[in-house]
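Single-structure report; data block below.
As a basis for the values below, the full set of heavy atoms in this structure was taken, side chains included, without hydrogen atoms, waters or symmetry mates.
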Amino acid sequence: MSSTCNNKISVIIPTLNEADSIQALIEHLFKSGGGYTAEIIVVDANSTDGTDKLAQLSGAKVITTKEASRAHQMNLGAKQAVGETLYFVHADAFPPSCFGEDINQCISKGSDFGCYRFKFDSKNPLLAVNSFFTRFKVLWCRGGDQTLFIKKDVFLKEGGFDEKYIIMEDFELVKRLWKKYKFKILPKSVSVSARKYELNGYFQVNLANLKLFRMFNKGYEPKVLKQKYFELIKHPKDLD
C-alpha cells in the first residue's frame, strides 16, 4: 500500500547488554518498516556482551555512550536521526509487523505523537489484565514498553526526554506533552517480554509499579525513584 505522506521513520533503540534479542529485533524492524524506515539507530551504553557489534552486523547504525540512561541514550539517537518521525523502541519490545505504515498514516492524519497498546509474550492470564488497560488514555498506562513515536520537530522543540529522569522518562515526556499536542493510541499491540514478572511474580511487580507511579506524581526526585524501584524488584540483567 502506498504511503499517505513522505515521512520517514528513525527507529531508536537504547541498549545495555541485550545480545540475546537485539539481532532478532533489528531483523523484525527492517522487515516490518514497509519502506517507511529511514534507519535503525542503536544507542548502546558500553555493553559487555557484544550488543553493539551484533547490532552493527544486523544493519543498524550504532552510537556508543558511557552513560547508561535511557533518556540520555534516546536523546543522543534523536540528535543524529534523519527521519521526520522518531520511534523509540525498547530492546525487548517487538512492534506490530506493519508499524511503518501504521505510524505514517497516524502522523499524516494529524497526530503529533503516540504509542501502541501492548501484550506480553506469556500465557499468564493475569498479564492479559495489564495489557487490556493499555488501550485507555490514562498516564499510568503510558510506559516505554508500548513504544513511542513522535514528530522530530515536536520532540526537539520540547527539549526531548528530561535527562534528569533516569527512570520513568517516558511518563514524564508524555505527561509534559499530551495537553499541548495530539496523542494517539494505535489499536494494535507491541509484544513485550514478561521476564521481569517471571522473576519477581505478578503482584510484586504491579505493587512496585503502583508505588513508583504514586511517588512520581508526588514529585519525588528521579534518583529516589530509581533506588526505590531496585529495592522493590529484581531485574533480569542484574542476575547475568
Side-chain angles (χ1 to χ4, degrees), residues 12-16 43 45 65-79 86-93 111-118 127 129-185 190 192 196-197 199-238:
I12 300 170
I13 311 168
T15 59
L16 175 60
V43 187
T65 177
K66 294 180 180 179
E67 187 173 345
S69 165
R70 277 179 174 159
H72 167 73
Q73 290 170 257
M74 291 187 289
N75 281 346
L76 194 59
K79 289 175 183 176
L86 307 176
Y87 186 35
F88 299 101
V89 178
H90 288 184
D92 61 350
S111 294
D112 298 300
F113 71 131
C115 67
Y116 283 98
R117 304 171 185 178
F118 76 64
L127 290 176
V129 176
N130 292 45
S131 303
F132 175 79
F133 284 101
T134 62
R135 70 191 61 209
F136 300 115
K137 188 182 175 182
V138 289
L139 185 62
W140 58 269
C141 289
R142 298 282 79 80
D145 286 339
Q146 292 173 257
T147 67
L148 178 71
F149 59 88
I150 183 170
K151 291 179 178 177
K152 184 180 179 182
D153 58 351
V154 170
F155 184 82
L156 296 179
K157 178 182 178 182
E158 297 299 329
F161 291 99
D162 185 341
E163 296 191 16
K164 178 177 71 174
Y165 282 84
I166 51 179
I167 190 173
M168 302 192 76
E169 70 287 337
D170 307 278
F171 290 94
E172 190 282 327
L173 180 65
V174 172
K175 183 179 181 179
R176 179 161 34 101
L177 298 191
W178 71 1
K179 290 184 179 180
K180 298 175 63 176
Y181 298 96
K182 186 176 179 181
F183 179 81
K184 175 71 174 178
I185 302 170
V190 174
V192 179
K196 188 162 51 180
Y197 287 85
L199 178 62
N200 294 275
Y202 175 81
F203 293 104
Q204 182 63 27
V205 175
N206 279 317
L207 285 171
N209 289 343
L210 177 60
K211 176 73 173 179
L212 263 290
F213 186 75
R214 293 180 66 181
M215 291 173 67
F216 167 76
N217 269 340
K218 290 180 179 179
Y220 279 76
E221 286 295 311
K223 289 184 179 179
V224 176
L225 295 176
K226 185 173 183 178
Q227 181 180 358
K228 175 57 68 174
Y229 195 52
F230 278 78
E231 287 175 2
L232 292 171
I233 65 171
K234 299 175 184 177
H235 292 257
K237 282 187 283 187
D238 295 339

Given side chains that start at C-beta, do those of [X] and [Y] come closer than 4.5 Å, heavy atoms only?
X	Y	result
Tyr165	Phe216	yes
Asp153	Lys157	no
Lys175	Asn217	yes
Ile185	Arg142	yes
Asp145	Val190	no
Val138	Phe133	no

task = Run the salt-bridge test on Glu231 and Lys228 with the 4.0 Å N-O cut-off and return the result as yes or no.
result = yes
key: Pairing of Lys180 and Glu158 as salt bridge, 4.0 angstrom limit   = yes
How close do [X] and [Y] get, counting heavy atoms only, and between which atoms?
X	Y	result
Thr15	Ala91	CG2-CB, 4.2 Å
Lys152	Ala78	CE-O, 3.7 Å
Thr65	Gln73	CG2-CG, 3.9 Å
Ile12	Gly77	CD1-C, 3.6 Å

Would the distance check show the side chain of [X] and the main-chain N or O of [Y] forming a donor-acceptor pair, the cut-off being under 3.5 Å?
X	Y	result
Arg214	Lys211	no
Glu67	Ala45	no
Thr134	Asn130	no

Going from [atom1] on [X] to [atom2] on [Y], what distance comes out if it is rounded to the nearest 0.5 angstrom?
X	Y	atom1	atom2	result
Asp170	Arg70	CG	CZ	7.5 Å
Met74	Glu169	CE	CD	4.5 Å
Leu156	Ile150	CG	CD1	9.0 Å
Asp112	Leu177	CG	CG	9.0 Å
Ile13	Thr147	CD1	OG1	11.0 Å
Leu210	Phe203	CG	CZ	13.5 Å

ask   = Does the pair Leu207 and Leu232 meet the rule for a side-chain contact (heavy atoms from CB on, under 4.5 Å), with working shown?
value = CA-CA 9 Å; Leu207 285 171; Leu232 292 171; over 6 Å; no
Aromatic plane relationship, [Y] with [X] - under 30° parallel, 30 to 60° tilted, over 60° perpendicular:
X	Y	value
Phe88	Phe161	perpendicular
Trp178	Phe183	perpendicular
Phe136	Phe132	perpendicular

inquiry  = side-chain contact (heavy atoms from CB on, under 4.5 Å), that's the test. Do Asp162 and Arg176 meet it? Break it down for me.
reply    = CA-CA 10 Å; Asp162 185 341; Arg176 179 161 34 101; 4.2 Å; yes
ask   = Is the charged tip of Lys151 near the ring of Tyr181: under 6.0 Å from the six-membered ring centre and within 45° of its axis?
value = no
message = Would you say that more than 12 heavy atoms from the other residues, nucleotides or ligands in this model lie under 6.0 Å from the OH of Tyr220, or not?
response = no
inquiry  = Can you confirm whether Lys137 is buried at NZ, in the sense that more than 12 heavy atoms of other residues, nucleotides or ligands lie under 6.0 Å from that atom?
reply    = yes
task = Give the intermediate values and the outcome of side-chain contact (heavy atoms from CB on, under 4.5 Å) for residues Tyr197 and Leu127.
result = CA-CA 9 Å; Tyr197 287 85; Leu127 290 176; 3.5 Å; yes
